[in-house]
Amino acid sequence: MHVLTKNEIRFITETVDKAGITISHLHEDLVDHICCEIEYEIENGLTFRDAFEKIKTVVGIKDLQQVQINTLLLIDKNYRIMKTIMKVSGVVSTTLLMFGSLFKIMHWPLATMLLIIGFILMSFVFLPSAMYIINRENKEVKKPLLNITAFLGSFGFIMGSFFKIMHWPGTAWLLILGMGILSLLFMPALMIYLREKAENRKEKKVYTSGIISGMIYMLAILFKMMHWPGASIMLMLSSIALVVLFIIPYTVYHFKDEEFVKAKFVYLIAAFTWLMLFTMLLALNVEISVLRGFDQVDEKLHETQAFYELKNKKAYLVLKDSSAYEEMQEISKNADDLVLYAHNLKLQVFRKYYEGEVFDESLIVDASTVNLKNWNDGGRSNTSAPQFVMIGGENIQGKALELKAKIEGFKEGLLLKLDSDSEKSKLINEILKTEVPDDNPQGFSTWEEYCFKRVTIVGCINILSSIQRDVRIAESEVLDYLTYNY
């Protein structure tokens, strides 16, 4: 009878290892069974290689995996229960999320309830049970880190998406947590695992380039959501890298010799496409939602400014014949000039953004983000236009420095009117403050950079609107002082 060599037995053992057989006695029994079958075929005239391929075709990797699953189902009651929970919760949560999303789009009742139940089942039932099943079926030494980071990252990402849909606070932190764990912990752990499983150096290179590209892509999506600098270039480079350095080499390596199109290839392309579209659309949705929030701020700023303008006009009318009227007129003129200057800066930012295009300035109403007609969300996040106008460019001085000088000049004029009123003076200094605050996380050294460097168009407009409002408030405070002291 033919006896297999140590190298041949090692080759068979590695094949069973690749099937993910982790129950020790089952692993040994399967190796012994395959060895016996191969020895029998060799006795009938086949070579080891031919006998191995024949037995491998008969048994198959998937069949070996199914043997372990069936064994677990028979000997482990908890496994059977968790397997059922995973299947049921997966189907139910997916169904609820699908119909909840449909109801949300159609503005039908019960949409919120369906989404809440679906996300709860997905996050607190399906994910834990799935992690348990994966860990139970494949207990490898270096896999706990992979499983834990996959669970935590997926949980954070799913809950962040849920909070985003429901417009609840904490969305940003959940998305940062989820995508941060997935990109900085899960992806490196996955790269180590795949490199250990790779059969040759070429396959290792494919996995490495794919994982690194994926890490950068996920970070780029996170940067896009958080409006951090470098998001656009990271997103562009990582998207190209994923296709050129991973999808194409992976497809060539695994499927070039296949005679027929495999379902695995179709699933790979579909999953990859869905992932890229979903994450990009989510990032865009978050960005649009955040940027549109600036509209609400700008609207409130304009309302407050209009309130104080009306209040100040009434004060001028009441004291038209008083001895303080001349001083009040001077204050009014200086305030009007500064408010108009800020308004013109807004127009310059808009003109810079539309530079080279046919731009009808009648489209702008009050130079606010709310009333700018034909406004596009891509333009809202533009940073180059406000950067150029306010900070400046090569050999060009920005307007922020001049704006600061005008604010300080206006403030000094108001303080002179207040004489010895220290409380009012302190208030005016605070309202028209042009100093960098102590809690300055960006580390900017000047007020101009703190307010306008790397700021989006909508952010720039908000800042200028807040200056206009603050000018009117300061004007009102001094008018109140003059009213009661003359």
Side-chain angles (χ1 to χ4, degrees), residues 167 169 171-172 224-229 231 284 286-309 335 338-354 361 363-392 398-404 406-407 410-411 430-437 439-442 444 446-476:
H167 305 289
T171 299
K224 190 71 173 174
M225 291 177 177
M226 298 295 107
H227 309 289
W228 293 339
L284 181 62
V286 170
E287 181 181 26
I288 290 172
S289 177
V290 171
L291 292 173
R292 285 178 177 169
F294 285 87
D295 291 347
Q296 298 176 354
V297 173
D298 205 58
E299 190 172 14
K300 293 297 181 183
L301 290 171
H302 276 260
E303 288 177 0
T304 306
Q305 179 187 338
F307 169 79
Y308 278 98
E309 285 178 348
L338 186 48
V339 168
L340 180 61
Y341 183 76
H343 173 83
N344 289 331
L345 288 179
K346 294 180 184 180
L347 294 179
Q348 289 183 48
V349 171
F350 287 135
R351 291 190 191 105
K352 182 61 183 176
Y353 173 68
Y354 285 104
E361 291 194 7
L363 295 175
I364 298 179
V365 181
D366 296 330
S368 71
T369 64
V370 181
N371 297 320
L372 184 63
K373 299 176 181 177
N374 300 331
W375 189 238
N376 63 82
D377 292 304
R380 292 169 180 265
S381 60
N382 178 276
T383 58
S384 59
Q387 174 88 7
F388 182 86
V389 173
M390 303 306 298
I391 303 299
K399 299 294 184 180
L401 193 61
E402 185 178 352
L403 174 63
K404 178 182 177 181
K406 286 182 177 293
I407 294 173
F410 178 68
K411 179 170 63 175
E430 189 62 33
I431 292 173
L432 300 175
K433 187 176 181 179
T434 54
E435 299 171 359
V436 178
D439 55 339
N440 173 18
Q442 295 88 358
F444 293 130
T446 65
W447 177 84
E448 307 91 84
E449 290 183 342
Y450 176 74
C451 290
F452 299 105
K453 191 170 184 179
R454 295 198 296 267
V455 70
T456 60
I457 286 184
V458 286
C460 179
I461 300 303
N462 275 182
I463 292 169
L464 292 172
S465 294
S466 66
I467 291 173
Q468 291 175 311
R469 175 206 60 188
D470 294 342
V471 167
R472 294 305 185 189
I473 293 175
E475 177 188 11
S476 176

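We number each residue from 1, following the sequence as shown.
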At what distance, to the nearest 0.5 angstrom, does [atom1] of [X] lie from [atom2] of [Y]?
X    : Y    : atom1 : atom2 : answer
E475 : I431 : CD    : CD1   : 11.5 Å
K453 : Q387 : NZ    : CD    : 6.5 Å
I391 : T446 : CD1   : OG1   : 6.5 Å
Q468 : H302 : CD    : NE2   : 6.0 Å
M390 : L401 : CE    : CG    : 10.0 Å
K300 : R469 : NZ    : CZ    : 13.0 Å

Test log, rule side chain to side chain contact (heavy atoms under 4.5 Å, CB included), inputs E448 and K404: CA-CA 8 Å; E448 307 91 84; K404 178 182 177 181; 3.5 Å; yes

Given T434, I463, L338, the one that forms side chain to side chain contact (heavy atoms under 4.5 Å, CB included) with L403: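 Filter result, single survivor: L338.
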
Working for side chain to side chain contact (heavy atoms under 4.5 Å, CB included), residues F388 and V349: CA-CA 8 Å; F388 182 86; V349 171; over 6 Å; no

Note, F350 side chain near I457 side chain (heavy atom, < 4.5 Å):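 When only atoms from C-beta onward are counted, I457 and F350 do touch, with a gap below 4.5 Å.
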
Non-hydrogen side-chain atoms of F452 and P386 separated by less than 4.5 Å: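 No. Closest side-chain heavy atoms not under 4.5 Å.
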
Partner set under salt bridge (Lys or Arg N to Asp or Glu O under 4.0 Å) for K352, not counting sequence neighbours: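 Only E355 meet the salt bridge (Lys or Arg N to Asp or Glu O under 4.0 Å) criterion with K352.
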
Neighbour count >12 (heavy atoms, 6.0 Å) for atom NZ, K399: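 No, NZ of K399 has 12 or fewer neighbouring heavy atoms, counting only those of other groups under 6.0 Å.
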
L464/Y341 under side chain to side chain contact (heavy atoms under 4.5 Å, CB included): CA gap, chis, key distance, verdict: CA-CA 10 Å; L464 292 172; Y341 183 76; over 6 Å; no

Whether S476 side chain and R472 backbone form a donor-acceptor pair below 3.5 Å: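 Judged by distance alone, no pair lies under 3.5 Å.
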
